[in-house]
Amino acid sequence: MSLDHKWQKYWEETRLFNAEDVSAAKKYYVLMMFPYPSGSKLHMGHCKNYVIGDVIARYKKMQGFNVMHPMGWDAFGLPAENAAIKFNVHPSDWTKNNIQVMTQQLKNIGICYDWSREVTTCEPDYYRWTQWLFLKFLEKGLAYKKKKEANWCPKCMTVTANEEVIDGACWRCKTPVTKKELDQWFFKITDYADRLLEDLKGLTGWPEKVKIMQENWIGKSFGVEIKFMVKETGDELPVYTTRIDTIFGVTYLVIAPEHPLVKKLVKGTEYEAKVNAFSEKLKMTPEMERTSDASKKEGFFIGRHAVNPVNGEAVPIFVANYVLLEYGTGAVMAVPAHDQRDFLFAKEYGLPVRVVISPEGKKLDPVSMTEAFVDAGVQVNSAQFDGLPSAKGIVSIADWIAQNGFGTKTVKFKLRDWLISRQRYWGAPIPVIYCDKCGIVPVPENELPVKLPHTVNFKPTGAASPLAAIKEFVETTCPKCGGPARRETDTMNTFICSSWYFLRYADAKNDKEAFSKAKANYWLPVDQYVGGVEHAILHLLYARFFTKVLFDLGYIGFSEPFTNLFTQGMVLKDGAVMSKSKGNVVLADPLIEKYGADTVRGLILFAAPPEKELEWSDQGIEGIHRFLGRVQRFIDPRMELLKNAAWKIEGGKLEKEARDLYTALNKTVKKVRDDIENSFHFNTAIAALMEFVNHLYTLKEPAVGKAKQDFDAVLGLAMKDILLCLAPFMPHNAEEYWEKAGGKGSIFLQKFPAHDPAFITDDSAVIVLQVNGKVKSKITIQAGMADAEVRELALKDSKIIEALAGKAPKNVIVVKNKLVNIVAAS
RNA sequence: GCGGAAGUGGCGGAGCUGGCAGACGCGCUAGAUUCAGGUUCUAGUUCCUUCACGGGAGUGGGGGUUCAAAUCCCCCCUUCCGCACCA
């Protein structure tokens, strides 16, 4: 049996890394974003993620924490279904098979999971609780059904959430999305917009980048909703603006072509057909195209006018492609002089430009302007507000409008409600029933789970989920009145499954509830979450939302799920992210086979700091391999010293050689600890260990007496500490030496070394001597020598005297234990 | 366009609150061990110049602050990432 397997088996059999629900030790919950069981063999990209988490888990265990490091599978979702269709197998079989393969692979690189807490989101004992959570949301009015135009991916044949549309395309398959009107289930994430934004401030353990991305996505803005009125019909037409200071510059209004009021306004007029054709066209245009060229503004007059409440002026109403139905009120007041989009549109269609904000000390000419003036300035042409700085104008005009009932001050968010229904098979069925008499009826909790039928006809049809074709599934009775009823046939977005899995790990086997409150409150929030930055918005926003809802419902006592977040850099190959579809994967197995798991782990960790992207290269693997060899060749002949090594040494009583070694050891241990704890910079931690091992090879052991005794004692400790420091990174070898050295039990039950703070500085210091900032000489002094004394020595140094060439020093700067810079006339 | 991160040898990367630029590793060169290859060990390896001692330049580019700048300030260039008609 190989060394790798020997220890992997040992860890598994001794359940060494299983977390305790009750423990005197402090808990530490380290979690990797769980993977999608895609069936691709483990490649270096995967390896990097899991090895990072593994190092943290093992390190924390050696610090005496009760560590929970679980693993599970985000197992529902389109790729399984698509692959199943392609290979003509059932998604369930495909998924199960993949899980098996991936589990083995994770074990092969020696990741220490608590497998007893494994969760698989496509299993009924998991999605039962996903469905239960849906019912809770429904109960609280946080889930609702609405007919709405939604993003539709023509390839995946389902609707998607806004968060899943990247650059106007489906985030999974990159197909440009179109719009489709369907009856859809939504989660009211907008109710939580403010808290999701506010609580970001408290997430001090999150990367700034991720917080900024969430902030932008939530997109809070302060403005005024102002009521225009359609002159011809008397309809109210509210618009939203953040630039109320420009209200007197409105020269026309623009409505989104899909706006319901538009239909009414043009009904029976010559514009009706034109508007319909226009909005149809926009609907079919992929969003990417519609928004790709910011300058291509298209639209036309619809024969109606709107009255500006502040001055009674009637301005023409247009429809145009650049106004979005979903944001604000779906209509905007156009101020071409001060908004670039309006400006371009006005120039295109010959609409008037009216300046109402003037730049300080300048005059704008509407005719000769080449772009909108969007900065702050002074109010002009703005009735009683003339002369006011526009920054004050925003406030005063808003107040005045509110007082006169022209409109109200409003806060808007870019964030929209989360569309959660999917017209696909491989997901958790939405647990509701439609009854002609009773309407929408939730499935009673004791009837959960609503099991996903094991059909073979799971190909998407386009209009409805494949479940709709399964009579036995659809036809049911109403839980309320007992009459005939139909089941909902859409399934849930898989991001729901992953929005609470971190809670399930705390109590994975519970068949009475999703998780016990006590266990959840013990284990969570997650102390260290690790994952890819690609989920900065999607998963991380949804998980925060779920946590807040569950907190409000009283199921948990915390409202943020992840205290610390670490986003690791991806592994690239030939400049692209490693992925099966790109055909640029470097598999882990062959390398593990050849060099052993520890060498592969070491290389990944040593090549770059973990947050950085890593362009894969095998170069360097020899270096790690050699290092392990050097450790072995050093320890083997000195095994007796290691076996007899003490746990603590009195530094003060050591002879010089031993004391120097002891100091070097302490510095190394401190560096390793600091690098792990402060920044997860495992690359420099490993480098420090290499440096120390190199140093050991250069040492000459004193021949006899106390000097030799002391030295040997420190050397024994040094070897022991090296093993302990190495253990989180290269666990198999560490265990092996630990055993050879007669260590009792696993090395992971030992304490990680701590440095002796009294011995981290050398007795002597090398001082750099500079003349005018250039190094001219070096001297060795007693560490901590007084500045005046060092200065004296520096000025007496022969090379310095030579460099000065008789010139008198103008100034001498002494930096303690570091350098002396002598400033002389040049 | 807006926001964020980054730019250091042939390569991956180190450089803490300003204080010897290039730790550690790869690669390369020379030597030792070896029948040979591999392994291992020793020495060297930023660039220019010099037989050498030495000297000069150097952290994307240009300015500045300072005794001293990869590090702080200003301007510019490049790359990557995110957002992008959000009114």
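Labels below follow one simple rule: chain letters A, B, ... track the order of the sequence lines, proteins then strands, and each chain is numbered from 1. Computation of the quantities below employed the complete heavy-atom set of this structure, encompassing side-chain atoms and omitting hydrogens, waters and symmetry-equivalent molecules. Computed from a predicted structure; not experimentally measured.
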Below 4.0 angstrom, N of the basic side chain to O of the carboxylate: do [X] and [Y] qualify?
X: A:Arg354; Y: A:Glu313; result: yes
X: A:Lys816; Y: A:Asp787; result: yes
X: A:Glu691; Y: A:Lys667; result: no
X: A:Asp797; Y: A:Lys799; result: no
X: A:Lys412; Y: A:Glu225; result: yes

Given [N], is OP1 or OP2 found less than 4.0 Å from the side-chain N or O atoms of [X]?
X: A:Lys612; N: B:rG7; answer: no
X: A:Asn683; N: B:rA23; answer: no
X: A:Tyr240; N: B:rA87; answer: no

Syn/anti label of B:rG9 as read from its glycosidic torsion, with the cut at 90° from 0: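 Base orientation: syn.
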Earlier contact from the 5' end, RNA chain B, for A:Glu326 and A:Asn821: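 Counting from the 5' end, the first nearest nucleotide belongs to A:Asn821.
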Position toward the 5' end of RNA chain B (nearest nucleotide), A:Gln619 or A:Lys776: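 Looking at RNA chain B, the more 5' nearest nucleotide goes with A:Gln619.
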Hey, what do you get for CG (A:Leu726) to CZ (A:Phe627), rounding to the nearest 0.5 Å?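 Nearest 0.5 Å value for the CG-CZ distance: 5.0 Å.
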Once you round to the nearest 0.5 Å, how far does CE of A:Met578 lie from CG of A:Leu614?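 So the CE of A:Met578 and the CG of A:Leu614 are separated by 8.0 Å.
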Under-3.5 Å donor-acceptor pair between A:Lys818 side chain and B:rC20 base: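 Counting by modelled atom types and ignoring angles, no donor-acceptor contact under 3.5 Å is found here.
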Taking atom types as they are modelled, is there a donor-acceptor pair under 3.5 Å from the base of B:rC67 to the side chain of A:Lys810?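 Per atom types, no contact qualifies.
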RNA chain B contacts among residues 209-220 of chain A, heavy-atom distance under 4.0 Å: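 RNA chain B contact set from residues 209-220 of chain A: A:Lys209, A:Ile212, A:Met213.
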Residue-level proximity of residues 328-338 of chain A to RNA chain B when a heavy atom falls under 4.0 Å: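 When residues 328-338 of chain A is checked for heavy atoms under 4.0 Å from RNA chain B, the hits, listed by number, are A:Val332.
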Do the numbers put A:Lys297 on top of the ring of A:Tyr322, so that NZ or CZ is under 6.0 Å from the six-membered ring centre and no more than 45° off the axis?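 Geometry flag: set, cation within 6.0 Å and 45°.
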[X] side chain, from C-beta outward: closest of [options]:
X: A:Ile813; options: B:rG19, B:rG55, B:rA14; answer: B:rG19
X: A:Asn694; options: B:rG15, B:rG25, B:rC67; answer: B:rG25
X: A:Ala608; options: B:rC67, B:rG13, B:rG55; answer: B:rG13

Just by protein heavy atoms under 4.0 Å, how would nucleotides 41-48 of chain B read 5' to 3' in B, S and -? S-------
Assess, by modelled atom type and distance only, whether the side chains of A:Glu163 and A:Trp171 contain a donor and an acceptor separated by less than 3.5 Å.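 Their side chains do not contain a donor-acceptor pair, so the 3.5 Å distance test is not met.
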Just checking, any donor-acceptor pair under 3.5 angstrom between side chains of A:Asn694 and A:Arg630?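 Yes - a donor-acceptor pair under 3.5 Å links their side chains.
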Rounded distance in Å - [atom1] ([X]) to [atom2] ([N]):
X: A:Leu540; N: B:rG82; atom1: CG; atom2: C1'; answer: 14 Å
X: A:Glu611; N: B:rG4; atom1: CD; atom2: C1'; answer: 15 Å
X: A:Glu348; N: B:rC85; atom1: CD; atom2: P; answer: 18 Å
X: A:Ile537; N: B:rG4; atom1: CD1; atom2: C1'; answer: 13 Å

So A:Val224 and A:Tyr240, do their side chains get closer than 4.5 Å, heavy atoms only?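 In short, these two side chains do not touch, never coming nearer than 4.5 Å.
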Students often mix this up, so state it plainly: with edges at 30° and 60°, are the rings of A:Tyr542 and A:Trp418 parallel, tilted or perpendicular?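 Taking A:Trp418 first and then A:Tyr542, their aromatic rings lie parallel (interplane angle under 30°).
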